[in-house]
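First the structure, in the form of structure tokens, and then the observations on it.
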Amino acid sequence: MRARTKGYWLYLLPSLLLFLGVIVVPFLMNVGASFTRWSGVGTPRWIGLENYRRLLVDERFWESFQHNVGLIVAMAVVPTAIGLVLAAALFDYIGRRFGARTASALRAMYYLPQVLPVAVAGVVWGWMLHPSYGAVNQILGLDLDWLGDPDLALATVMAVMVWFQLGYPVVIFMAGLQRVDPAYYEAAEIDGASWWRKFWHITIPQIRPEIFVVMLTCTIAALKVFGPIFVLTRGGPGNATMVPSYFSYLNFFQKSNVGYGSAVATVLALIIIVVTFLFLRVQERES
């Protein structure tokens, strides 16, 4: 058996080398840079834990994580909850009443934002939310600066991210529903269960693994979100939509403080690793 499995490693070798070159080596270099003071040019100067001590008292850094919590709600919690209901409705109601093609077409429509490039979607939303000629203000009859008002900017970005992220859980949950035994639903219908009771007592428990996967991947995406923030607000107005990934970018490329930006990126990566580990442990206990 060992002689047979030895050959498999040859097929894994290209992926392993790519993982080392693209993920492991750059991460270790980033960790090393986080212990230095470096402008990106010249020789880095070793300063030990100074960048991490600075992080502990940096209000912008902690504020950016507070904004990240809101984006986790917008990109993980809300899309998962709405996606569950939509997927169940498309699979159990729309599919039966109007046919599988109609359900598939609606599923593709929900997933379309995931296919669009982030830059294109961000530019279009920037036009729609413009305070002077934006379609949102025109339709609602309002005169609001959705992305320029510090009190509205984060909530507006969160709403856009719900739209952007919703199609992913819908597709995953509809795929998961296909493996659920129809006998469960038939038995529930015979007992007179309503659609909501079937959804709560059959659908959710049966696709629990898919729920964990969606929550984990969407939470990671929210923690490292960069593109939408860059296109829509650049972290502004002020610091109203600043997130750790963009805060790291600012220190890297605009302030030429590579060491501090590396420290921010390292802490963010460690938080993502811890969150992933906690999700996996919870999933093991549930299973």
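The analysis underlying the following values was restricted to heavy atoms, covering all of them including side chains, and did not include hydrogens, waters or symmetry mates.
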Exercise. Are a donor atom and an acceptor atom from the side chains of Asn239 and Ser64 found within less than 3.5 Å of each other?
Worked result: no
Exercise. Short question: side chain of Arg179, backbone of Gln206 - any donor-acceptor pair under 3.5 Å?
Worked result: yes
Exercise. Hey, is the main chain of Ala222 close enough, under 3.5 Å, to the side chain of Asn68 for a donor-acceptor pair?
Worked result: yes
For this session: Check whether NZ of the Lys or CZ of the Arg Arg234 lies under 6.0 Å from the centre of the six-membered ring of Phe230 and within 45 degrees of that ring's axis.
Result: yes
Seminar exercise, completed: Sorted by chain and residue number, the side chain to side chain contact (heavy atoms under 4.5 Å, CB included) partners of Asp151 (sequence neighbours excluded) come out as Asp149
Exercise. If you take all heavy atoms of Trp62 and Leu55, which pair is closest and at what distance?
Worked result: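 Closest approach of Trp62 to Leu55, heavy atoms only: NE1-O, 3.2 Å.
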Exercise. When you look at Tyr249 and Tyr246, which way does the ring pair (Phe, Tyr, Trp, His ring centres under 6.0 Å) test go after all the steps?
Worked result: CA-CA 5 Å; Tyr249 164 83; Tyr246 193 78; 5.4 Å; yes
Exercise. Which word best sums up how the rings of His130 and Tyr133 line up, parallel for under 30°, tilted for 30 to 60°, or perpendicular for over 60°?
Worked result: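 His130 vs Tyr133 ring planes: parallel.
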Would the number of heavy atoms belonging to other residues, nucleotides or ligands and lying under 6.0 Å from [atom1] of [X] be above 12?
X      : atom1 : value
Trp163 : CH2   : yes
Phe212 : CZ    : yes
Gln254 : CD    : yes

Problem set entry | Glu50 vs Arg53, salt bridge (Lys or Arg N to Asp or Glu O under 4.0 Å): CA-CA, chis, key distance, verdict | CA-CA 5 Å; Glu50 184 62 32; Arg53 295 192 189 99; 3.6 Å; yes
Exercise. Side-chain contact, heavy-atom cut-off 4.5 Å: Arg107 with Val171?
Worked result: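 Heavy-atom side-chain distance check passes, below 4.5 Å.
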Exercise. Do Thr203 and Asp92 have side-chain heavy atoms sitting under 4.5 Å apart?
Worked result: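 Sidechains of Asp92 and Thr203: no contact.
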